[in-house]
Amino acid sequence: MSKRYWLMKSEPDAYSWDDLVAEGEGTWDGVRNHRAAKNLRTMQVGDEAFFYHSNIGKEIVGIATISQAGLTDPTDPEGKWAAVKVRPVRKLANPVTLKQIKADPSLPDIELVKLSRLSVAVITPEEWAHILSVSEG
DNA sequence: GCCAACGTTGGC
DNA sequence: GCCAACGTTGGC
């Protein structure tokens, strides 16, 4: 399976990029949406994900990598929901804001915008490359 | 099985 | 603070 790309949302009040960097590795759990959970189950070790700050900032701030996949959510007493572990890779050269993404004609169908409530979204390889190029100017 | 009411998320 | 988009719940 070739590498996939994701976007993981977090409110920086609750868990920010800096928190992930400070911890070195974070568990992505507490997801209670079937579509997002399906994305979590599809993730493989080595996949990469944009780390997006919702509510405050509303921008992609960094890149994380999936360090452990296919875990059971430790916060779910019934053990039915999925979780993964992520590690920070690097901060983006420049954060890419939601505003930029929405205004960008190269990103017409990005799941972040189309399914704005989804906490774990799919990013296509094309979208990944484009957002990186925007970040790096 | 349908649908209205309600709750949650997240942008504005 | 409001609203749109969805998901879930419960009455029928």
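Throughout, protein chains are lettered first and strands after them, A, B, ... in sequence-line order, and every chain is numbered starting at 1.
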| said: Go through it in stages, so that I can follow the logic: the residues are A:W28 and A:F51, the test is ring-ring contact (aromatic ring centres under 6.0 Å, His included), and I'd like the CA-CA distance, side-chain angles, deciding distance and then a yes or no. | reply: CA-CA 11 Å; A:W28 216 268; A:F51 194 108; 5.5 Å; yes
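- Residues A:N39 and A:T42 bring no donor and acceptor atom of their side chains to less than 3.5 Å of each other.
- Counting to the nearest Å, the P atom of B:dC12 and the CD1 atom of A:I101 are 11 Å from each other.
- We find that NZ of A:K99 is positioned 12 Å from C1' of B:dC12, with the value rounded to whole Å.
- Going from atom CD of A:Q44 over to atom CD of A:Q68 covers 14.0 Å, rounded to the nearest 0.5 Å.
- Under the 3.5 Å distance criterion, the side-chain polar atoms of A:D19 are matched with a main-chain donor or acceptor of A:S16.
- To the nearest angstrom, C1' of B:dG11 lies 16 Å from CD1 of A:I110.
- Salt-bridge check for A:K85 with A:E23: failed, with every basic side-chain N at 4.0 Å or more from each acidic carboxylate O.
- A donor-acceptor pair under 3.5 Å links the side-chain atoms of A:D47 to the main chain of A:R4, judged by distance alone.
- Of the side-chain N and O atoms in A:Y52, one or more sit less than 4.0 angstrom from OP1 or OP2 of B:dG11.
- Near DNA chain B, meaning a heavy atom under 4.0 Å away, the residues from residues 5-13 of chain A are A:K9, A:E11.
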| query | For every nucleotide of nucleotides 1-6 of chain C, 5' to 3': is a protein heavy atom under 4.0 Å from its base (B), only from its sugar-phosphate (S), or from neither (-)? | reply | ----BB
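- Within the 3.5 Å criterion, the main-chain N or O of A:G30 finds a donor-acceptor partner in the side chain of A:D73.
- Residue contacts shown for A:L98 are limited to sugar-phosphate atoms, with no base heavy atom under 4.0 Å away.
- Side-chain nitrogen and oxygen atoms of A:K102 include at least one within less than 4.0 Å of the OP1 or OP2 phosphate oxygen of B:dC12.
- Summarising the geometry, the separation between NE2 on A:H34 and C1' on C:dT9 is reported as 13 Å, rounded to the nearest angstrom.
- Contact check on A:E136 versus A:R90 returns a salt bridge, with a Lys/Arg side-chain nitrogen under 4.0 Å from an Asp/Glu carboxylate oxygen.
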